[in-house]
Number of protein chains: 2
Amino acid sequence: MPDTPTVTARGPINRPTPLRQAVYEALTELIINGSLKPGQHLVEAELAESLGVSRQPIREALQRLQTAGWVDLRPSQGAFVHSPTTAECAQLLSVRGLLETHSARGAAQHATPRDIARLWELQQTGLTALEAADARAIVEANAALHGHITLLSRNAVLAELIPQVDRRVRWYYMPIARPRGKDAWNEHARIIEAIGEGSPGRAEELMRRHTRNTTEFYCRQIAAVVGRGD
Amino acid sequence: MPDTPTVTARGPINRPTPLRQAVYEALTELIINGSLKPGQHLVEAELAESLGVSRQPIREALQRLQTAGWVDLRPSQGAFVHSPTTAECAQLLSVRGLLETHSARGAAQHATPRDIARLWELQQTGLTALEAADARAIVEANAALHGHITLLSRNAVLAELIPQVDRRVRWYYMPIARPRGKDAWNEHARIIEAIGEGSPGRAEELMRRHTRNTTEFYCRQIAAVVGRGD
DNA sequence: ATGCAGAATACTGTATGCAATCATCGTTCG
DNA sequence: CGAACGATGATTGCATACAGTATTCTGCAT
């Protein structure tokens, strides 16, 4: 590996991680895993004590949580965990599909053989998780694969927008939806092939169909859940 | 008008506007109009004194400015006005086109005759500004028209994402680009017609071409500016 | 003259304190 | 008995104060 210099270019880490960022991540985690339920009133003092910090980092984290759509911040009333509506979730899914379709096109235009190899690795990780029927690992592998495709599109704006949308989608659907299973990963394989061939149009179309399938899959599950009065 | 209840539903305003929001808006304005230049180091204490508030509202506003892409916040170093690259701007344009295309489709599905009438009003405002050759008014009318189409799509996620992208685009291009002129407004008219007919596919395609034209128009101007070494 | 080491400075990150506002509950009047 | 009013407790909004870190300047050695 001649491209391994004397100092492996680790990211400019070692920056003292600001407390507010740790708080931000802690709170998103608490929201995603359901410790903080939708609509719940978040009291700054409680969070501060619970996390062992002062109110200031909490407040700064809440600002970012609001713009990311995790909480609603009402003046003089405080923060409330955002309650997504069914309509909003459908919108999230359609927008995510749109953005991912675009990123697949970009990936097909910019990917190097090395990138493709990495995609196949991630695909294999997903297949392994699929065999083990490890739902958590499947979701994670799926996010990793889609995330890497976005990265390959070399589009900073997409890379910034998609995670915001994607995390919210996953947060809402995780409790009620099961991963799609083998079909999805077959579609992944064909998308990777198209990207590897450098066929933007083909990759775009395949991704469009893939996200459409995913959207329909989830919408059916929602309809079932809502239908039985849950 | 039977839908006018005893209490006209004015938005639940009159909430004491938090200082942090005023600061947020003041800073975006300062960035857009160039008082704060890209790459400039924003010192909290200076901003605080300049705006006559303490550092706390400044810090909270900076958090939101970061997630909105206006500033880069480096740990232990402070806030710097974001410096957009040419590549990033092209990406912003393409993503905006993507989102607006989607919103045009949604608008065609949901718009009422009353909504259409409003669109024609906005169109007329734009034409008036065009005749008066008032660049500022043209840009504003354009934003108003596109914004209303987004609103008609009844898609909260789009309504949340597009302004973020759009404002950054306008910020970067305003100093170097002139409005497109009559062509753009002819395209607008045809888009409104398609929305009025309730033809999602047609509205989508027209908007796609419109945004593509706009993107190319701006990219040519950039190339010209960069080409002459400015 | 130049490169480096060390201290001084300036700024950010965090904590705490106080005033203003909102929600809740008990009371009183119609 | 119901509804409006007022007091009280809790919570947010803002300001100030202190600690930690990065940058810069100065002086010295090479």
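Numbers restart at 1 for each chain; the letters A, B, ... are given by sequence-line order, proteins then strands. Keep in mind that the numbers below use all heavy atoms, side chains included, and drop hydrogens, waters and symmetry copies.
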A.B. asks: Under a 3.5 Å threshold, yes or no: a donor from one side chain and an acceptor from the other, between B:Thr67 and A:Thr67?
C.D. replies: yes
A.B. asks: Identify whether any heavy atom of A:Arg55 sits under 4.0 Å from a base atom; if not, whether one sits that close to sugar-phosphate; answer base, sugar-phosphate or nothing.
C.D. replies: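 Here A:Arg55 touches the bases of the nucleic acid.
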A.B. asks: Between D:dT11 atom C1' and A:Phe80 atom CZ, what is the distance in whole Å?
C.D. replies: 11 Å
A.B. asks: Does B:Arg20 have any salt bridge (Lys or Arg N to Asp or Glu O under 4.0 Å) partners at least two apart in sequence or in another chain, and if so, which?
C.D. replies: B:Glu60
A.B. asks: Could you give the CG-to-P distance, from B:Leu51 to D:dC14, as a whole number of Å?
C.D. replies: 13 Å
A.B. asks: For C:dT21, does either OP1 or OP2 sit under 4.0 Å from a side-chain N or O belonging to A:Ser76?
C.D. replies: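 No, because none of the side-chain N or O atoms of A:Ser76 sits under 4.0 Å from OP1 or OP2 of C:dT21.
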A.B. asks: Taking salt bridge (Lys or Arg N to Asp or Glu O under 4.0 Å) as the test, write out the residues that go with A:Glu160, two or more places apart.
C.D. replies: B:Arg168
A.B. asks: Rounded to whole Å, please give me the gap between CG in A:Leu19 and C1' in D:dT21.
C.D. replies: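 My rounded result for the distance is 15 Å.
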A.B. asks: With sequence neighbours excluded, what pairs up with B:Arg64 under the salt bridge (Lys or Arg N to Asp or Glu O under 4.0 Å) test?
C.D. replies: none
A.B. asks: Please name all residues satisfying side-chain hydrogen bond (donor to acceptor under 3.5 Å, both in side chains) with A:Gln164, sequence neighbours left out, ordered by chain then number.
C.D. replies: none
A.B. asks: Can you check the A:Leu47 CG to C:dT14 C1' distance for me, whole Å?
C.D. replies: 17 Å
A.B. asks: Taking only heavy atoms on the protein side, list every residue of residues 56-64 of chain A lying under 4.0 Å from any atom of DNA chain D, sorted numerically.
C.D. replies: A:Arg59
A.B. asks: Applying side-chain hydrogen bond (donor to acceptor under 3.5 Å, both in side chains), name anything that partners B:Thr85, two or more places apart in sequence or on another chain.
C.D. replies: none
A.B. asks: With sequence neighbours excluded, what pairs up with A:Leu152 under the side chain to side chain contact (heavy atoms under 4.5 Å, CB included) test?
C.D. replies: A:Ala107, A:Ala111, A:Asp115, A:Leu119, A:His148, A:Arg154
A.B. asks: Which residues pass the side-chain hydrogen bond (donor to acceptor under 3.5 Å, both in side chains) test with A:Asp134, not counting sequence neighbours?
C.D. replies: none
A.B. asks: Check the distance between C:dT12's P and B:Leu73's CG and give it to me in whole angstrom.
C.D. replies: 10 Å
A.B. asks: In dot-bracket notation, what is the pairing pattern of DNA chain C, taking Watson-Crick (N1-N3 plus N6-O4 or O6-N4) and G-U wobble (N1-O2 and O6-N3) contacts under 3.5 Å, with [ ] crossing and | for other strands?
C.D. replies: ||||||||||||||||||||||||||||||
A.B. asks: Checking B:Glu25 now: which residues fulfil side-chain hydrogen bond (donor to acceptor under 3.5 Å, both in side chains) with it, not counting sequence neighbours?
C.D. replies: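 Testing B:Glu25 for side-chain hydrogen bond (donor to acceptor under 3.5 Å, both in side chains), a comparison that skips the adjacent residues, returns B:Gln21.
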A.B. asks: Using salt bridge (Lys or Arg N to Asp or Glu O under 4.0 Å) as the criterion, list what pairs up with B:Arg180, not counting sequence neighbours.
C.D. replies: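 Once residues adjacent in sequence are excluded, the partners of B:Arg180 under the salt bridge (Lys or Arg N to Asp or Glu O under 4.0 Å) criterion are B:Glu187.
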A.B. asks: With 3.5 Å as the limit, what N/O pairs link the protein to nucleotides 7-11 of chain C?
C.D. replies:
none

A.B. asks: Students often mix this up, so state it plainly: with edges at 30° and 60°, are the rings of A:His210 and A:His146 parallel, tilted or perpendicular?
C.D. replies: parallel
A.B. asks: CZ of A:Arg74 versus P of C:dT21: gap in Å, rounded?
C.D. replies: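 A:Arg74 atom CZ is separated from C:dT21 atom P by 19 Å.
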